[in-house]
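Single-structure report; data block below.
Naming: A, B, ... by sequence-line order, numbering from 1 per chain.
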Amino acid sequence: MGFGDLKSAAGLRVLNDFLADKSYIEGYVPSQADIAVFEAIAGPPPAELFHALRWYNHIKSYEKQKASLPGVKKALGKYGPADVEDTTGAATDSKDDDDIDLFGSDDEEESEEAKKLREERLAQYESKKSKKPAVVAKSSILLDVKPWDDETDMAKLEECVRSIQADGLVWGSSKLVPVGYGIKKLQIQCVVEDDKVGTDMLEERITAFEDYVQSMDVAAFNKI
Amino acid sequence: MAAAVRGAEELELLERLLGLPGGNKYGVQGERKVPVLQTNNGPGLRGLMTIAAHLVRQARKDQLLGSTAEEKAVVQQWLEYRVTRVNGGSSKEDTRTILKDLNMHLEDKVYLAGNIFTLADILMYYGLHHIMVDLTVQEKEKYLNVSRWFNHIQHYPGVRQHLSDVVFVKNRLYTNAH
């Protein structure tokens, strides 16, 4: 989860779309979630991003009572749409970092804040680290697996096929399609990452179940 | 078409929301079924807005009528809109105009009066409930700002009560639709 880089126009657009049908980042009351995101963005969003701007102005009206709003602040990566990562860089936080009060009067609060900041940054770093490369070439493959005869146990056959596991291979839905004389073939969908799984490998592994599988064809192959 | 929350029923909902003990007797008057509240002293109160404002003061929740002069004016304006337009209009055309007006108004606001929850939100919610229940998914999306506001208000503690929860889908069908 996240909004991408909230300091960039793209990140703000994600925030804008996210807030189109919501009044708050989380739930139906202002919370620390709103404050966390509010503090992460540089200033009022531009007027054309009116959902984000409406939210910004609304949260701004809670500025005085922001400490008393419910919830616990989490890393930015914990909010927002599920399919976007948080990339609001650590460098952008340096603004807070810079204003070290040389004549600091209340040290305790300062260190408390520094600790929070460090934790926040660690969480950010973790979420960034776990991020996968942006583009992974994937294909959706439809396989036809044919049994020996009408006495082949199709359930067992499907079980065998699904037992094949590999990195970058995900099995999808399947169905039995009659071919004639009571014989059915198994049609099964799978999604593979092109770099990791090839059809040759799939064929090899599936036809290895000789007791059940007579042959296997690729019925359809689509790049995603 | 779902039955509209009208007059006495609406005021009873408001009473419960405000945490008043209840026990007020409401009647209706005239062809347009204007709600009437008989009080112990004086001639009684007539009209939705009047009675609602009276209840709010009785509950000592004056902030629901707006804090600043501007807010007070906006609350008043939307209450008037509610009584004259939402109650007055019943044709498809009227409904469309109301939703369009509200959609535009709510584009840059979280509540009708801006940043605070007021009586205008409560009564507009009760007034629009029967309309929102009947909207199609596509219409809810077309009036996205109204939908967001409505969904927000119906989740506001104590507002919805026994009224049905109107479902808003999270996945938007058409992007770029405002």
Subject >> chain A contact via B/Y111 - side chain, backbone, both or neither, heavy atoms under 4.5 Å >> reply: side chain

Original post:
For A/K223, does the NZ atom have more than 12 heavy-atom neighbours from other residues, nucleotides or ligands under 6.0 Å away?
Top reply: yes

Original post:
So does B/M104 have more than 12 non-hydrogen atoms from other groups sitting under 6.0 Å from CE?
Top reply: no

**OP:** Working to the nearest 0.5 Å, report the span between CG of A/D21 and NZ of B/K140.
**Re:** 12.5 Å

**OP:** Could you tell me the separation between the CG atom of B/L144 and the NE2 atom of A/H51, rounded to the nearest 0.5 Å?
**Re:** 5.0 Å

**OP:** Measure distances from B/I153 to the heavy atoms of chain A and classify the residue's part below 4.5 Å as side chain, backbone, both or neither.
**Re:** neither

Original post:
Out of curiosity, B/N145 CG to A/R54 CZ, how far, rounded to the nearest 0.5 Å?
Top reply: 6.0 Å

Subject >> Flag if over 12 foreign heavy atoms under 6.0 Å of NZ, A/K73 >> reply: yes

**OP:** Go through the atoms of A/L19 and report whether side chain, backbone, both or neither lie under 4.5 Å from a heavy atom of chain B.
**Re:** backbone

Original post:
Does a sphere of radius 6.0 Å around NZ in B/K109 hold more than 12 heavy atoms from other residues, nucleotides or ligands, not counting ones at 6.0 Å or beyond?
Top reply: yes

Original post:
Do B/R148 side-chain atoms and A/S23 backbone N/O form a donor-acceptor pair below 3.5 Å?
Top reply: no

Subject >> Of B/V110, B/I116, B/D108, the residue whose pairing with A/H58 passes side chain to side chain contact (heavy atoms under 4.5 Å, CB included) >> reply: B/V110

**OP:** Would you please classify the geometry between the A/Y28 ring and the B/H155 ring as parallel, tilted or perpendicular, with 30° and 60° separating the classes?
**Re:** parallel

